[in-house]
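What's counted below: heavy atoms across the whole structure, side chains too, no hydrogens, waters or symmetry copies.
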Amino acid sequence: MMTAVWRLLRLLAHVGSGLWMVHLRFKGLDKVARHAAIQAWSAKTLRILGIELKHSGTPRPGPKLVLANHVSWLDIAAVHAVMPEARFVSKADIKHWPLVGALVEAAGTLFIERSSKRDALRVVHQTAAALKEGDTVAVFPEGTTGPGPELLPFHANLLQAAIVTEVPIQPLLLRWHGPGERFSTPLRFIGDMTLMQSLWAIASARGQGCELRILGSIDCAHADRRALSEHVRETLAAELST
């Protein structure tokens, strides 16, 4: 219990330093310096919570649409610790999370109302514009978090942004694990679990780790988005089984 309390106190101070950084320093930093700050802050977040991150593969240079599986709210921190240039597409209610929402927004996140088809179309156009400007955009095509071993069905709409801009797709796999568990139970953020319940479960856990694999990029010019979505899902599912 003491370990969990100590980790959460350190995390609270770390979030405070992050808020100070984005509100007072970000405007004076160029893009490279911002990315370096995001990477350092994200990596430290995982270390504070006792999570060891290991990654393999190299992201393709230039604009790309990253597609990753989704298990935990810490997925964003893990990806930013390796690929800090990524701008995530996240559900709109994260913007209103205490403290964390301001940090996520400062990192250039694009917010979407998942229940609105009209808003999905808006975010497709917004994502395409970001890709045209040379940005990397990251999407969780499952649309919500899953338990880990099996992937949920993919939503293909946002892939249209990569197809129309002829920007490659970069599949990325996340696997959270712990002692005796190939897929971590404490890191799952599913069902009716609240953010505070998840924080306590993570802070109380020992020996947790995250394996992040950057897979080969996929050319998607003139592709059918549903077929492309299923291809990426099959690729990630095959990686999860190894």
Side-chain angles (χ1 to χ4, degrees), residues 1-20 22 38 41-54 68-82 86 88-107 109-115 138-155 172-212 236 240:
M1 181 175 177
M2 290 304 298
T3 298
V5 171
W6 175 239
R7 284 175 174 173
L8 291 177
L9 288 173
R10 290 183 64 203
L11 183 64
L12 182 61
H14 182 54
V15 170
S17 70
L19 290 170
W20 174 84
V22 300
I38 290 170
W41 189 91
S42 299
K44 187 173 180 179
T45 298
L46 299 178
R47 290 197 301 272
I48 286 172
L49 292 171
I51 299 169
E52 181 183 13
L53 175 65
K54 293 185 177 180
N69 61 312
H70 199 14
V71 178
S72 169
W73 55 272
L74 278 173
D75 291 343
I76 292 176
V79 174
H80 273 161
V82 177
F88 276 88
V89 176
S90 294
K91 56 185 181 180
D93 57 340
I94 290 179
K95 186 177 181 179
H96 305 293
W97 282 9
L99 304 178
V100 175
L103 294 172
V104 172
E105 187 174 11
T109 300
L110 308 174
F111 294 102
I112 182 172
E113 293 286 352
R114 296 283 186 188
S115 60
V139 175
F140 298 119
E142 292 168 284
T144 188
T145 50
E150 299 87 23
L151 296 173
L152 302 175
F154 276 19
H155 300 279
L172 185 151
L173 181 79
L174 292 157
R175 185 175 66 83
W176 301 90
H177 56 86
E181 292 188 314
R182 178 167 164 74
F183 296 92
S184 171
T185 301
L187 267 295
R188 292 176 180 173
F189 187 53
I190 56 176
D192 297 326
M193 177 177 279
T194 66
L195 180 60
M196 291 307 300
Q197 288 171 334
S198 177
L199 270 169
W200 183 255
I202 294 168
S204 302
R206 302 290 184 96
Q208 301 297 298
C210 178
E211 178 188 1
L212 185 153
L236 290 175
L240 275 177

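For the pair Ala78 and Cys210, the tightest heavy-atom approach, listed with the atom from each and the gap, is CB-SG, 4.1 Å. Scanning all heavy atoms of the two residues, the minimum distance from Val79 to Leu172 falls at CG2-CD2, 4.0 Å. Closest heavy-atom contact between Ala201 and Pro186: O-CB, 3.8 Å. Considering every non-hydrogen atom in both Leu240 and Gly148, the closest pair reads CD1-O, 3.6 Å. In terms of heavy-atom proximity, Leu46 sits nearest to Trp176 at CD2-CH2, 4.1 Å. Annotation for Leu173 and Leu236: closest pair CD1-O, 3.8 Å, computed over non-hydrogen atoms.
Annotation: the span from Ile48 atom CD1 to Leu12 atom CG amounts to 10.0 Å, rounded to 0.5 Å. The distance from the CG atom of Leu174 to the CG atom of Leu53 is 9.0 Å, given to the nearest 0.5 Å. Rounding to the nearest 0.5 angstrom, the gap separating the CD1 atom in Ile190 from the OG1 atom in Thr185 is 9.0 Å. Distance check, rounded to the nearest 0.5 Å: CD1 of Ile76 to CD1 of Ile38 gives 11.5 Å. A distance of 6.5 Å separates CG in Leu11 from CG in Leu199, rounded to the nearest 0.5 Å.
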Test log, rule side chain to side chain contact (heavy atoms under 4.5 Å, CB included), inputs Gln197 and Phe189: CA-CA 9 Å; Gln197 288 171 334; Phe189 187 53; over 6 Å; no

Residue pair Phe183, His177: steps toward the side chain to side chain contact (heavy atoms under 4.5 Å, CB included) verdict: CA-CA 5 Å; Phe183 296 92; His177 56 86; over 6 Å; no

Residue pair Val5, Trp200: steps toward the side chain to side chain contact (heavy atoms under 4.5 Å, CB included) verdict: CA-CA 8 Å; Val5 171; Trp200 183 255; 4.1 Å; yes

Residues Phe140, Thr145; criterion side chain to side chain contact (heavy atoms under 4.5 Å, CB included); working and verdict: CA-CA 9 Å; Phe140 298 119; Thr145 50; over 6 Å; no

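Here the side chain of Glu181 pairs no donor or acceptor atom with the backbone of Gly178 at under 3.5 angstrom. The closest donor-acceptor contact from the side chain of Ser42 to the backbone of His80 lies at 3.5 Å or more, if one exists at all.
For the side-chain hydrogen bond (donor to acceptor under 3.5 Å, both in side chains) test, residues two or more places apart in sequence or in another chain that qualify with Ser184 are Gln208.
Counting only residues at least two apart or on different chains, the salt bridge (Lys or Arg N to Asp or Glu O under 4.0 Å) pairs with a member in residues 182-211 are Arg175-Glu211, Glu211-Arg213. Sorted by first and then second residue, the pairs that involve residues 6-17 and meet side-chain hydrogen bond (donor to acceptor under 3.5 Å, both in side chains), not counting sequence neighbours, are His14-Trp41, His14-Thr45.
In this model, a donor atom of one side chain and an acceptor atom of the other lie less than 3.5 Å apart for Ser198 and Trp73.
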